[in-house]
Each structure stands twice: as C-alpha cells, then as structure tokens.
Amino acid sequence: MENCGLLSEKNEPVPLKSISVQVLVQDHVATVSSTLQYVNEEERPLEALFVFPLPADAAVCHFSAKIGEQEIVAEVQDRETARDQYDDAVSSGQQAFLLEESAESPDVFRLSVGCLSAGQNAAVTIIYITELSVQADHSLRFCLPAVLNPRYTPAGSGAGIVSEISSGCGSVPYTLSLSVHVSSPKPISKLESSCSLDPLVFLHSDHTQATVNLSPGHMFDKDVELFVFYQDTHQPSALVEAGVTTAPPGSLMRDPVVMISLYPEFPEEVISSLALRGEFVFVIDRSGSMDSMMHHGRRAQKRIESAKDTLLLLLKSLPIGCYFNIYGFGSDFESFFPQSVVYKQKTMDQALKRVKEMQADMGGTEILQPLKHIYSQRCHPDHPRQLFVFTDGEVFNTKEVLDLVKSHAHSHRCFSFGIGEGASAALITGMAREGSGHAQFITDTDRMQPKVMQSLRFALQPAVVNISVDWTLPDGITVDTLSPPINVLFQGQRTLIYAQLKGESSGGSEGAVTVKYSLKDQPVTNQLHFCLKPTEETGLSIHRLAARTLIRSLEQEERSGAADVEGIRSRMVELSVQAGVSSVHTAFIAVNKDSRQTVKGPLQQRRVQTRDFFHALTTPIGGKTNTVCHLYVMIHITSQKLIELEFKSHLII
C-alpha cells in the first residue's frame, strides 16, 4: 500500500512514533494529558506541522516539549508576539514549539515544531480539561477524537488553519496507549467503550475510584469513546476550588471559584402533558463528504445512511397536527415543500419516500444559505419552531454559522446531530447552545434511538422563560457570575454555572443558589445549598474551565460588533495569560534557549500523515486541493526573515 499525505523525500510520513494518553475523570470533569513521541529520521534539520482536533469546549492549559532529558514548558503569550518569537527562534537555529487555536473553529489546533536536528527525539505533551456531556442513558461521554474531517472551504474564503486539514488513506505508523482513572463521590457502576478495554479495576471497596486501560493493539482508526456510569446519577452539586495566593488581588485566579451543577426537575403535571404542537424543520447535509463511512471500523455505514435513519425515526415519531418540512443542502439547497405543511398520513408518506431516495450528491458543505432562508420564513402561531440539523460538520465558517443561529434564538430552538466520527464538536454543540437546544453525536447505530428520542422529548417540552439566578451568601462575600445567562433548561439535563467568590466570610460557611423560571405560565424554583469550604485535590481545573467559559463569552462579544473591541481583546489576552489557557488571541510558545549548539543547514518542512489524530496540511495546486502530494519547502532566512521560498510538488495519482 502506498503511503498517503505529505511525505519526506524518502516517501515516508513524518515519523510520529506513538501517542500516550492519560485521562483523569473527577465526577463530570476530565483532565487529559496526551504525549506525542516522534523522531527526525532524516539527515537534515526538520520543521514539522500538525493540525489536530480537541473537544470544542476544552481548556488547553499545558504544553511542553522534552528533548533528551531537558523539558521546555511553554508559556501563554499574545498570539502575534508568540509567532514572532517562534520565527526568530527558528531563523536563528533554535528549537521552538508553537501551539495555536484556529480563529475559525475552536476545536482545531495547530502545532509547529521547529528545528529538530537530524536523528533527534522529542516528546510533546498537551494537557486540557473538559466537561463530560450527559447522554440519554445517563452516562457521561468522553471522546478522544481520532478523526478531524476536512472542512469544506469555498474558493476565496480565506479559511486559515481549517483549510489546512486534508483527507487521507492507508494505515498510520504510530500506536496509541490510553489509561483512564475515574474518581467520584458517587459509586461507579460501569464503564463502556466503542473500543476494546481491559477489565475495569476498582481501587476501593466503595467503588468510588477505578482504572481501566485500552486493550493493546488499538490502531486508532476510530474515535475512542468512553461512557462512565455512576450510581445515584446526576444530583445537583457544587464544587468550590481555592485560588492561587500569588495571583494578583481581585483576579479570577486569586479568588475561589464555584462550579454549580444543576439538574432541573419540572413539575410532574408539566412533564405528563408534553406539547403536541410545533413546527419541525429538518436540515440534512447532502454534501459529498456525507458519502464517507461513519468510522473506519468494520460494519460501518455511510454517514448519509445514518442521517437518513435518524431522520426517519424522528419523522415517524412526530405528533399528528404539527407542521414540518425537510431541507437538503450542499453547495445549494432544496426543500421537500415550498413551506412547512401539516403533518398527517399523506404528507408523512410523501416525506418518507423522498428521504429514502436522498443521496450525498449536492457538492460542498455550505449551510449558511439554507439557514438564512429558513429564518426568513414566517413562523406558525402556536407552533414553536424546532430546527433539527444533521451534518458531519465539515464547514469552514463555524463562528459565522453560530452567530447566525444566535441572532435568531428568539424565534426557534436548534437541535443538532453530529453524524459520524470527526464531526465538528464546535459546530454541533455551538449550534445547540446558541439555539437553546441540545446536541447529539451519532457515531454508530447502537446508541442512536435513545439519543434521537431524547432530543424529540426536549423539543416537545415547553420553552422555559424568565430564567433568573440568585445567590445567598454570608456577609462579606460577593459573587461575580462568569457563565453567560442561562437561556435554556431541560428536564434532567445538566446546566453548569461558574462564579467567582470575592471577599471573606464574617462567619457563615454555607451559601445557596436559587434558579427561578416559568414553565407554561407556572413559576418554578430550584435551590441548592453548598459548603463554601474549598474542595481538596482539584488542582486549578475549575478555575481554568471558568476562564475558558468567560473567554468564549468575550469572543462572542467581540464578534457581535461591540464598541470596545480592543478592550475586549485586551481582557481576553490578560485572562488567557493569567489562567494559562488558550484563546483565539494567544498561543503557547516554548523556545529551547539553553541548546548548546544551534541547528545548522537548510530547514525541511514536513507535515504528518493525514488520517486520524493528526492531519497533514495540503497545498492547493491549480485551484484544487490534492488528496495526496509531496511538498518540500526550503526556507532561506536572513535578518529580514523570509526572503525566498522554493516549492517542489509532485502529485501522486
């Protein structure tokens, strides 16, 4: 089998040798440490570029490189400053490492590794923290992405980092090891996975701690999904984390931070009378990428077939008398009916027949235009609009799509389905968040039905309105809520609130948070009392997730055209640097300034093999992106930096 992707002069991929991942799950928060081992097997210095996926809501909080016995820990800096420092280091022959987040989509990162000497080994470690989502079966889902799907980028879009992702083929030349440690106040019932696991080992008789490893021989040809089940699942809780005494007074990192986990319980009479009205608009991705397989394992079906199965199940479950319509989109879009029609036997039969005939034959993935068209349509009185989107998420303009959904949040709820492995978590979860709906990921047939029916139940629940959050705290303590205002609540679905606690208590040791809202004109109150004493052994994970949440809110302010854009950007950079977490305006930079000898000789630029955890960068030739090509870049640098670029490319058919 021929190698695919961007190769060395010896027709070999960049030699990433192994990936080692350690996951620490504490209740519903996971800290993930990934270490990449690779070696420059060429006879000259090497620069390697990697583009890879992370969960969309992850807080990247550590980046380091170990060369021999020397470890270089990166620091967070303003993005342009970090890039200049990286370029200066590489131009002077120093080893340097740069990690930056895509400006177009927060689930895509790029790692630049500069000036590795011939024969040199290096290990790069990335640590991030992420919240685990609650599934329809009450499990918590952890996903280690193996696949980062290419993002469709129309000509002239200037898509930046996301345009550097390419598809690939063939096997990967590196191995994966994964170990998981789970810790929770509640007993652990079981762990399930889409991959083969060694037996679960409980560390204590009360089953509150356990470890499990991925079975040897995993080829990393599909996402690694892990589902954690606890006993007495999902009760409201609060976690208070102490700050850092050396941080500036009054800063987020200095003060304690509380993470509130709420699981709203609606009155029984409301749940027993779910709405039988609504306008259900289904938007299904029919772009060419939907013709790909759901995953690279055996018995995988095509993404378009999975989307159709999901849609058929929903169509057969709608309440009689509601309105519905179905849109297919690619480079263009079309609808089954000119306008939404009444759901009855005749229209359902027509729709079922056309759904079964749908193919992935509509070109690129351009979702903006169909959404704009749908939002321009008049809503039906007494039939709240519920938008269901099915896509593999291969779009380049994620943030533009999210801004559009948010601007119409008052007129609809958005329920999104990520189809297949590698679906953009930023797009899928973002559309649901901005549209006050719920996100699901369909990666196989085993868990599809409960996920689909859960989303439909949520869509039939009446909208919660007039949501307010009130705090009751001892004298001397005030609170700054860091999370954006709550705009959606679903029965039994977790809602998180991050808040900064300021001041010192005059004696009280307990606080309370009260959430009030209206449901079908009925006032509802949920209250949680919590201890103000900080929890031990949480590190700074809660602070960093809170900082990530606040940074995302500031990014939305910046994109919405706020008056003080420079002030918002400055605050983002300050918060990112203080908390040590990534943002779109900062980057992690590490330079080996203690290297005894600078790297000499022409620098070779290489990209890692395209498929799975890390993805190659492609170069457009003649207006088209080649699936497979060689790209050799020889860079000649002087004090004025870049003077000459010499490209040699060869297309492999």
Side-chain angles (χ1 to χ4, degrees), residues 14-24 30-40 45-55 58-79 81-90 93-101 108-117 120-130 144-145 174-179 181 244 246-247 253 539-541 543-545 547-548 573 576-583 586-596 599 608 613-614:
V14 173
L16 175 64
K17 294 300 183 182
S18 65
I19 303 169
S20 175
V21 181
Q22 286 80 44
V23 182
L24 173 61
T31 302
V32 185
S33 176
S34 298
T35 299
L36 292 76
Q37 296 276 356
Y38 54 93
V39 60
N40 179 10
L46 176 71
E47 179 183 26
L49 302 180
F50 303 85
V51 175
F52 60 97
L54 287 179
V60 179
C61 60
H62 175 90
F63 173 49
S64 62
K66 188 173 184 180
I67 302 173
E69 296 301 316
Q70 183 179 16
E71 184 178 25
I72 314 160
V73 179
E75 59 183 26
V76 181
Q77 294 186 5
D78 174 84
R79 186 169 184 149
T81 302
R83 284 178 171 177
D84 288 343
Q85 189 175 343
Y86 175 83
D87 291 341
D88 290 341
V90 172
Q94 291 179 308
Q95 293 160 339
F97 303 82
L98 180 70
L99 180 69
E100 53 188 327
E101 177 184 317
V108 180
F109 280 74
R110 176 170 61 191
L111 168 63
S112 303
V113 180
C115 280
L116 284 183
S117 301
Q120 194 165 48
N121 292 275
V124 171
T125 298
I126 299 168
I127 299 177
Y128 65 88
I129 307 165
T130 187
L144 182 67
Y174 45 84
T175 60
L176 169 72
S177 62
L178 174 71
S179 62
H181 183 284
V244 181
T246 55
M253 301 306 291
L540 288 171
S541 59
H543 278 75
R544 284 167 172 152
L545 286 172
R548 186 280 324 274
V573 171
S576 176
V577 171
Q578 283 186 1
V581 299
S582 62
S583 77
T586 55
F588 282 89
I589 175 68
V591 177
N592 185 4
K593 298 178 180 178
D594 298 328
S595 181
R596 297 180 181 178
V599 178
V608 79
F613 192 79
F614 294 90

Answer yes or no: is there an ion pair linking Glu100 with Arg83, defined by an N-O contact shorter than 4.0 Å?
yes
Might you point out which heavy atoms bring Val581 and Ala547 nearest each other, and give the distance in Å?
CG2-CB, 4.2 Å
So, taking the atom named CZ in Arg544 and the one named OG in Ser582, what distance separates them when rounded to the nearest 0.5 Å?
11.5 Å
Once rounded to the nearest 0.5 Å, what's the spacing between atom CG of Leu54 and atom OG of Ser34?
7.5 Å
If you round to the nearest 0.5 Å, how far is CG of Leu98 from CZ of Arg79?
8.5 Å
Residues in side-chain contact (heavy atoms from CB on, under 4.5 Å) contact with Ala96, at least two apart in sequence or another chain:
Tyr86, Ala89, Val90, Val591
Is the closest side-chain heavy-atom distance between Thr31 and Val23 below 4.5 Å?
no
First locate atom OG of Ser64, then atom CD1 of Ile127, and finally report the distance between them rounded to the nearest 0.5 Å.
6.5 Å
Restricting to non-hydrogen atoms, name the atom on Gln120 and the atom on Gln95 that form the minimum distance, rounded to 0.1 Å.
OE1-NE2, 2.6 Å
Looking at CG of Leu144 and CD1 of Ile19, how far apart are the two atoms once the value is rounded to the nearest 0.5 Å?
8.0 Å
Do Gln578 and Ser576 pair up side chain to side chain, a donor and an acceptor below 3.5 Å, judged on atom types alone?
no
In chain order, what residues pass the side-chain contact (heavy atoms from CB on, under 4.5 Å) check against Ala58, with sequence neighbours excluded?
Pro55, Tyr128, Thr130
How long is the span from the SG atom in Cys61 to the CD1 atom in Ile126, to the nearest 0.5 Å?
11.0 Å
Can you sort out the partners of Thr35 under side-chain hydrogen bond (donor to acceptor under 3.5 Å, both in side chains), two or more places apart, ordered by chain and number?
Thr125
So do the side chains of Asn592 and Phe97 get within less than 4.5 Å of each other, counting heavy atoms only?
no
Heavy-atom closest pair, residues Asn121 and Ile67:
O-CG2, 3.7 Å
With side-chain contact (heavy atoms from CB on, under 4.5 Å) as the test, would you mind laying out the steps for Gln77 and Val577 before giving the verdict?
CA-CA 6 Å; Gln77 294 186 5; Val577 171; 5.8 Å; no
Heavy-atom closest pair (Phe588 atom, His62 atom, distance to 0.1 Å) is CZ-N, 4.0 Å
